[in-house]
Amino acid sequence: MLDRPPIGTWVRGRLALLGDAAHPMLQHLAQGACQAIEDAHELAEQSAAGDWGRALAA
């Protein structure tokens, strides 16, 4: 999992990668699921104003 270079962006249009799709990690203690929850929380915080385009850009 550590031999892949990071991608330039996790967002394309209105689609965003979350969790282990965006953050490759070893399969241990549901780290990918935990990362998905953290990503979703941050996306919700950014989108609180209702501007999804700005939230995804952030």
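Atoms considered below: every heavy atom in the structure, side chains included; atoms not considered: hydrogens, waters and symmetry mates.
Other cluster members for I37: none, since no ILVMFWY side-chain heavy atom sits under 4.5 Å from it. Grouping Ile, Leu, Val, Met, Phe, Trp and Tyr by side-chain contacts under 4.5 Å, direct or through others, puts W52 with V11, L43, L56.
Residues Q46 and A58 come closest through the heavy atom pair OE1-CB, 3.3 Å.
The side-chain hydrogen bond (donor to acceptor under 3.5 Å, both in side chains) check on E38 picks up nothing, with sequence neighbours excluded. With sequence neighbours excluded, no residue satisfies side-chain hydrogen bond (donor to acceptor under 3.5 Å, both in side chains) with Q31.
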